[in-house]
Structures are given as C-alpha cells and as structure tokens.
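Just so it is clear, the values below take in all heavy atoms, side chains as well, and ignore hydrogens, waters and symmetry mates. Chain letters run A, B, ... following the sequence lines, proteins first, then strands; residues in each count from 1.
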Number of protein chains: 2
Amino acid sequence: MNTAMLTALAEPNRLHIIELLRDGGPLTIGEITSRLELNQPQTSKHVRVLSEAGLVEVEPVANRRIIKLRPEPFQQLDSWLETFRSMWEDRLDRLDDYLREIQAQDKTFDQS
Amino acid sequence: MNTAMLTALAEPNRLHIIELLRDGGPLTIGEITSRLELNQPQTSKHVRVLSEAGLVEVEPVANRRIIKLRPEPFQQLDSWLETFRSMWEDRLDRLDDYLREIQAQDKTFDQS
DNA sequence: CTGAAACATTCCTTTACAGGAATATTCCTT
DNA sequence: AAGGAATATTCCTGTAAAGGAATGTTTCAG
C-alpha cells in the first residue's frame, strides 16, 4: 500500500474534502473553502497534498480550479483491503458451513 | 471515517507491522522487532499506537505480548470505501451500455 | 490598462511525532 | 531471592507538517 495516500487521508480537513467531493461532485477551491469554513490558502495547500497523493485531479478552468476525485487510489485501497477480507469472512464461512449442514439435513429428510 | 486509524496506518513501519500480522498470524513484540529490524522500544511504541487505534489487540501472556489483528476497523474501512464504489463502477455501467448497443445491433441484423 | 476575483506561494510559529539511548518494569527460572 | 528475558517508559533531539498572515500570480471584465 501507498502510505502517501494514507497520510493524505489521515488529516481531518483533507478527509472532509474527499467526502465533500464524493457527495457533491467536482468543486472549486472557493466552494471547498466556504463549505469547510477554512481559509483559502489552507484549502489550496490541502488540495495540493491530495493532488500529489493522486487522490484528486485539478483541472484549471480560467480563473478557477475544478477539483475531482480520481477513482484509481480508491480501487487500490480496495484491493489492498481484499487481502484482509479473509479475516472477517471466516464468520461467513462458518455460516456457510451451517447452511450446508441444514441442506444435508434436508436431504436426509427427503430420503425419509 | 476514523482518522485515528488512518493516521496509524500512514506510518510505514506500522503499515508493515499490520501486513506482517496479516501474513504471519499473531506475533510477539520480539518477533516483530526482529522481522522488521527495528529497536524494541520503537516496536512497542508503534504497537501501542496501533492498539489505541483499535487496529490490533494485545494479549499479555506471561512475559510477552501477543499481537493480533482486529477485523472491525478493516470492515469499517471497507464499508467506507463502499460509498466510493459507484465512482469506478460507472465504467462497468458504460460497458453495460456498450453491450446493450451490440445486442441492439444484433437484433437489427436479425431483421435484415 | 486597471481593478477585482480566484488561487498560489512564502514566511513564521507552534505542535506532533519518530527515532535513539538509557532505564524501569514484569515475569519466569533456578 | 537473584538474574535474565521480554517489554514498557522516559527523556532528548530533529524534523515534518498544519495554521495564520501577508503577498504574489493569473485571468477576466470593463
């Protein structure tokens, strides 16, 4: 895994920016600034960090910058999480076993 | 999302510890120390951070501590990621559209 | 060409945190 | 009870990073 991405997400304001973008589509620096009640320079700095971590794409349009989420890092994070999934799916496996048992019982009943 | 968890994961040595535990099952402080070539105090400190973030469970057994992964935070992270999944599944939707187009064309061919 | 809007950059200060070294604690063995 | 193994804690130092304030840059409108 990429620790740069995690470092970027670990800061509350930046995480908040990410969720703003997830919910509210692409936003400009100014929009993020007002919705998060930050100062504009801090917003710019945070977006810069997010951009350098690849989490966000910055598209200059005239006077302003349009910030959008990039899906790739989230996919990466997702497939990294995959490698842990067996941890909590053990329980589901046990449920599976249980269901299989029930099914076996049903068969027994069918034959009786 | 929990930024404490992300902060804990964002440090390379700690991330490494997590992956060690994922791959090698529960480990003691000493085992982590030697496999990661850290000093023992740093290992203890990092494990403490991981523990306070809930990522890890520390079970004292006599002289040593047995460190295990806790599934819950990874589940949390997973369901947080769910809220982003539509982002990269749009492409699959577009593929769907494409397939539907092809199918429509086939119908046209059938009629000719 | 001037001014204003939208951002970026720089400088400064404060704080958090990682690593190293030394020391303290806990627990088992004998 | 003593010593050693495994781990924790403390103290120190350096560094990175966040926020504030001020200023610089770009772009459009008029």
Would you indicate, yes or no, if C:dC7 has its OP1 or OP2 atom less than 4.0 angstrom from a side-chain nitrogen or oxygen of A:Thr28? yes

Residue B:Ala62, side-chain atoms from C-beta onward, closest of C:dC7, C:dC28, C:dA18: C:dC28

Report the distance from atom CD of B:Glu31 to atom P of D:dA6, rounded to the nearest whole Å. 10 Å

Nearest-0.5 Å distance, CZ of residue B:Arg64 to OG1 of residue B:Thr28: 6.0 Å

Taking the side chain of B:Gln42 as heavy atoms from C-beta outward, which of C:dG20, D:dG20, D:dA18 is closest to it? C:dG20

Whole angstrom is fine here: how far is it from CG in B:Leu38 over to C1' in D:dA8? 16 Å

If you assign each of A:Asn39 and B:Val58 to its closest nucleotide in DNA chain D, which residue comes earlier from the 5' end? B:Val58

When the distance from CZ of B:Arg64 to P of D:dA6 is rounded to whole Å, what number comes out? 5 Å

Taking CZ from A:Arg48 and C1' from D:dA18, how many angstroms apart are they, rounded to a whole number? 15 Å

C:dG19, OP1 or OP2 - any side-chain N/O from B:Asn13 closer than 4.0 Å? yes

Applying the 3.5 Å cut-off to both distances, the Watson-Crick or G-U partner of C:dT30 turns out to be D:dA1

So does A:His46 get a side-chain nitrogen or oxygen closer than 4.0 Å to the phosphate oxygens (OP1/OP2) of D:dG19? yes

Please determine whether a side-chain nitrogen or oxygen atom of B:Asn63 lies at a distance below 4.0 Å from atom OP1 or OP2 of C:dC28. no

For B:Met5 and B:Ala53, work out which heavy atoms get closest and say how close. CA-CB, 4.2 Å

Without decimals, in angstroms, what is the distance between B:Leu50 CG and D:dT7 C1'? 16 Å

Output the rounded distance in Å from CG (B:Leu36) to P (D:dT7). 14 Å

Nearest-Å distance, CD1 (B:Ile66) to C1' (D:dT7)? 13 Å

Contact class for A:Pro41 vs. all strands (heavy atom < 4.0 Å): base, sugar-phosphate, or nothing? base

When only distance counts, do a donor and an acceptor, one from the side chain of B:Lys45 and one from the base of D:dT10, lie under 3.5 Å apart? yes

Are the side chain of A:Arg14 and the backbone N or O of A:Ala8 linked by a donor-acceptor pair below 3.5 Å? yes

To the nearest angstrom, how far is B:Glu11 atom CD from D:dA17 atom P? 12 Å

Checking A:Arg70 side chain against A:Gly54 main chain: does a donor-acceptor pair fall under 3.5 Å? yes

Any donor-acceptor pair under 3.5 Å linking the side-chain atoms of A:Ser79 with those of A:Gln75? no

From the options C:dA8, C:dA18, D:dA18, select the nucleotide whose nearest atom is closest to the side chain of A:Arg14. D:dA18

Between C:dA6 and A:Gln40, counting only base atoms on the nucleotide and side-chain atoms on the residue, is there a donor-acceptor pair under 3.5 Å? no

